Amino acid sequence: SVGGNLVATSNNGAITEGSGGLQVSGTSNLQAGSGAITLTDGSNHFAGAVTAVGQGVSLVDAGNLTVASLSSGSNGTVNLTAGGSLTLPALGIDTGTASLTLAANGGALVMPGALSGASITLSGRDGITLGSNLTSAGTVTLTSNAGAISQTGGVLTAGTLTGSSAGNTTLGQANHVATLGAFSAANFTLTNAQALTIGSNLVVGGGTGAISLTTTSGGLTIQHDLNGGSIALQSAGNLALAGNLVGSSVGLSSGGNIAQSAGIIQAGTLTGQAAGGATLVQANKVGTLGNFTAANGLSFANAQALAVGGTVNGGSSTSLSTTSGKLTIGGSIGGASIALAGQGGLDINAAVNAGTGDISLGSSGGAITEGSSGVLTAGSLSGTSAGSTTLDGANQVVTLGNFTTGGDFSFRDARTLTVNSPLDANGGSGNLSLTAAGSSSDLIVATSLTGGTVTLAAGRNITSSTGITATTLTGSAGGQA
């Protein structure tokens, strides 16, 4: 043991120690020149600040360790381990092409100066605070078994980032991480100023924590699973999904396109926005589709019942479908063309507006219905249903095209309606009802009609240029028929 200050100079030789450890009550000045410094006995304790110069520096302290300055020569490895807290030099540490390992096993690790190395491993039992640049072309690993990981300044640059924290991990600076590897935290936030790939599963809060991944430049590629409570993915470029997204809510945003090549989205609520197109057609399991917009087309498929509760607009086209369960439209749908298909039925209880474009409706295993709040606006309407189709809202459809049902068919329009394609209601045995409501509305039938009971109604005139085959024909017209 040393009762005061320690000065050790080796004239370019190595500085090592024997058994029993080294206890220094004052400061320590270790000068090894081109030699290495290796003082790694677990019972060491440096009470005062340590200055170390050598070709590679490894220090272990059973308690708190304060390093005033450190130079590891040309590409020398640095390994600093404190049984308590670890205080780093303000001027930072650069190991070049060698590795850098810093551990505060009994306290927090605060980083006031820049750190650089081929690979960097930081651990702080009570937390890690990044306050300056942290740079590695290889892997950066951050671990806090009892605390949080935060970033108050600087940029984290890494080929791969991995780690874990008992508390939150919040890395909100303009970071440059190429790949996010295995990471776990209570809640996880990463902002990146370049393209980012998720290269391993990310689980937060045991599957209940929040995940937020943002690129302010470049795309975001999800190659593995994300499992949390709320999941928010925001990409300045394209957003590519190839892993499962499992959360109570999922929000997707892209300055380019959103594409799903594999995996599913399993969420209570899904929202999104794409400057380009959005194609999400795997066997997703979403309960409610909230607000979702895209400029160049939106296509979404679900493998269970889906309720649309927000405003959905795909710009050039909008396609929503379920391969199992009912599709319920409770929020407005927009797009230049719209296709809605519910395997277990289709219920329309809100506005569906294609402008002068086309609307296609389908249900391969159920009926199609329209509630009092439903309004279809389109240049043309077509569809098919295994059961009956009843569309009796204040619709604004110019032309009724092909429609095939396994039961009855009823359609009401609040304007002049032209029927120019065949209507097949249960092979001709189902009932047909066509209405053009309004005092100036005509019903123009330019195709043959076949049904059990056929009902035609118009606020003004009814015209038919082909035959009508019916067991019973009924109707009314405000003008001529």
Side-chain angles (χ1 to χ4, degrees), residues 221-223 225-226 231 233 235 238-254 256-274 276-350 352 354 357-369 382-387:
T221 301
I222 311 298
Q223 292 184 338
D225 298 348
L226 304 183
I231 299 175
L233 306 180
S235 174
N238 293 331
L239 175 57
L241 305 178
N244 296 324
L245 306 181
V246 180
S248 57
S249 64
V250 172
L252 309 177
S253 178
S254 171
N257 299 318
I258 301 175
Q260 184 183 36
S261 60
I264 68 169
I265 301 171
Q266 184 173 334
T269 302
L270 172 67
T271 59
Q273 177 275 327
T279 305
L280 304 167
V281 292
Q282 299 298 317
N284 299 302
K285 294 186 177 181
V286 173
T288 299
L289 181 62
N291 295 333
F292 208 120
T293 61
N296 297 328
L298 167 62
S299 183
F300 180 75
N302 217 44
Q304 67 176 40
L306 176 68
V308 178
T311 299
V312 177
N313 193 315
S316 61
S317 63
T318 301
S319 174
L320 306 177
S321 64
T322 64
T323 57
S324 178
K326 182 178 289 187
L327 176 60
T328 302
I329 308 300
S332 64
I333 308 293
S337 67
I338 298 173
L340 306 176
Q343 186 277 333
L346 173 60
D347 292 344
I348 301 170
N349 300 306
V352 179
D358 301 331
I359 293 178
S360 173
L361 307 178
S363 178
S364 61
I368 299 176
T369 64
S382 61
T384 180
S385 65

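Side chains are part of it too, since the values below use all heavy atoms of this structure and drop only hydrogens, waters and symmetry mates. Since the model is a prediction, treat every value here as computed from it, not as a measurement.
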A.B. asks: Not counting sequence neighbours, list each pair that qualifies as a side-chain hydrogen bond (donor to acceptor under 3.5 Å, both in side chains) and has a residue in residues 336-350.
C.D. replies: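 Pairs touching residues 336-350 that pass the test: Lys326-Asp347, Asp347-Thr369.
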A.B. asks: So, Asn257 side chain and Gly277 main chain: donor-acceptor pair closer than 3.5 Å or not?
C.D. replies: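 Yes, the answer is positive, given that a donor and an acceptor are paired below the 3.5 Å cut-off.
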A.B. asks: Could you tell me the separation between the CZ atom of Phe300 and the CG atom of Leu289, rounded to the nearest 0.5 Å?
C.D. replies: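 Output value for this atom pair is 6.0 Å.
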A.B. asks: Sequence neighbours left out, what passes side-chain contact (heavy atoms from CB on, under 4.5 Å) with Ala240? Give chain and number order.
C.D. replies: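 Once residues adjacent in sequence are excluded, the partners of Ala240 under the side-chain contact (heavy atoms from CB on, under 4.5 Å) criterion are Thr221.
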A.B. asks: Could you measure the distance from the CD1 atom of Ile222 to the OG atom of Ser261? Nearest 0.5 Å is fine.
C.D. replies: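 Those atoms lie 11.0 Å apart.
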A.B. asks: Is it the case that the side chain of Asn313 and the backbone of Gly315 share a donor-acceptor pair, with hydrogens and angles ignored and the cut-off at 3.5 Å?
C.D. replies: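 Side chain of Asn313 to backbone of Gly315, a donor-acceptor pair under 3.5 Å: yes, one is there.
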A.B. asks: Shortest non-hydrogen contact from Gln260 to Val281?
C.D. replies: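 Looking at all heavy atoms of both residues, the shortest contact is OE1-N, 3.2 Å.
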A.B. asks: Rounded to the nearest 0.5 Å, how far apart are CG of Leu270 and OG of Ser249?
C.D. replies: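 Nearest 0.5 Å value for the CG-OG distance: 9.5 Å.
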A.B. asks: Heavy atoms only: give me the nearest Gly276-Ala294 pair and the separation to one decimal.
C.D. replies: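 Smallest heavy-atom distance, with atoms named: O-CB, 3.6 Å.
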A.B. asks: Donor-acceptor pair, Thr279 side chain versus Ala259 backbone, under 3.5 Å?
C.D. replies: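 No, Thr279 side chain to Ala259 backbone: no donor-acceptor pair under 3.5 Å.
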A.B. asks: How far apart are the closest heavy atoms of Ser332 and Ala350, and which atoms are they?
C.D. replies: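 Smallest interatomic distance, heavy atoms only, reads N-CB, 4.1 Å.
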A.B. asks: What do the steps show when you test Leu226 against Leu233 for side-chain contact (heavy atoms from CB on, under 4.5 Å), and what is the final call?
C.D. replies: CA-CA 10 Å; Leu226 304 183; Leu233 306 180; 3.7 Å; yes
A.B. asks: Under the side-chain hydrogen bond (donor to acceptor under 3.5 Å, both in side chains) rule, what pairs show up with a residue in residues 288-306, not counting sequence neighbours?
C.D. replies: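 Every candidate side-chain hydrogen bond (donor to acceptor under 3.5 Å, both in side chains) pair involving residues 288-306 fails, so no pair, neighbours aside, qualifies.
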A.B. asks: Check whether any side-chain N or O of Gln266 sits under 3.5 Å from a backbone N or O of Lys285 as a donor-acceptor pair, and report yes or no.
C.D. replies: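 Not confirmed, Gln266 side chain does not pair with Lys285 backbone.
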A.B. asks: Output, in order, the C-alpha distance, side-chain angles, deciding distance and verdict of side-chain contact (heavy atoms from CB on, under 4.5 Å) for Ile265 and Asn244.
C.D. replies: CA-CA 6 Å; Ile265 301 171; Asn244 296 324; over 6 Å; no
A.B. asks: What's the separation between atom CG in Asp225 and atom CG in Leu245, rounded to the nearest 0.5 Å?
C.D. replies: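 Rounded to the nearest 0.5 Å, the CG-CG separation comes out at 8.0 Å.
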A.B. asks: Are any non-hydrogen side-chain atoms of Leu361 and Ile348 less than 4.5 angstrom apart?
C.D. replies: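 Yes. Closest side-chain heavy atoms under 4.5 Å.
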A.B. asks: Out of Leu346, Ile338, Leu340, which residue meets the side chain to side chain contact (heavy atoms under 4.5 Å, CB included) rule with Leu320?
C.D. replies: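 Of the listed options, the one satisfying the test is Leu340.
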A.B. asks: With Leu306, which of Leu327, Ile329, Thr328 fulfils side chain to side chain contact (heavy atoms under 4.5 Å, CB included)?
C.D. replies: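 Among Leu327, Ile329, Thr328, the one meeting side chain to side chain contact (heavy atoms under 4.5 Å, CB included) with Leu306 is Leu327.
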A.B. asks: Rounded to the nearest 0.5 Å, what's the gap from CD1 on Ile264 to CG on Leu280? Could you check?
C.D. replies: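 Interatomic distance, Ile264 CD1 to Leu280 CG, rounded to 0.5 Å: 12.5 Å.
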A.B. asks: Quick one: does any side-chain atom of Ser363 pair with a main-chain N or O of Gly345 as donor and acceptor, under 3.5 Å?
C.D. replies: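 Side chain of Ser363 to backbone of Gly345: a pair is present.
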A.B. asks: Measure the shortest side-chain to side-chain distance between Leu241 and Leu252 over non-hydrogen atoms and say whether it is less than 4.5 angstrom.
C.D. replies: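 Leu241 vs Leu252: side chains touch.
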A.B. asks: Hey, what do you get for OG1 (Thr311) to CD1 (Ile333), rounding to the nearest 0.5 Å?
C.D. replies: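 Separation between the atoms: 8.5 Å.
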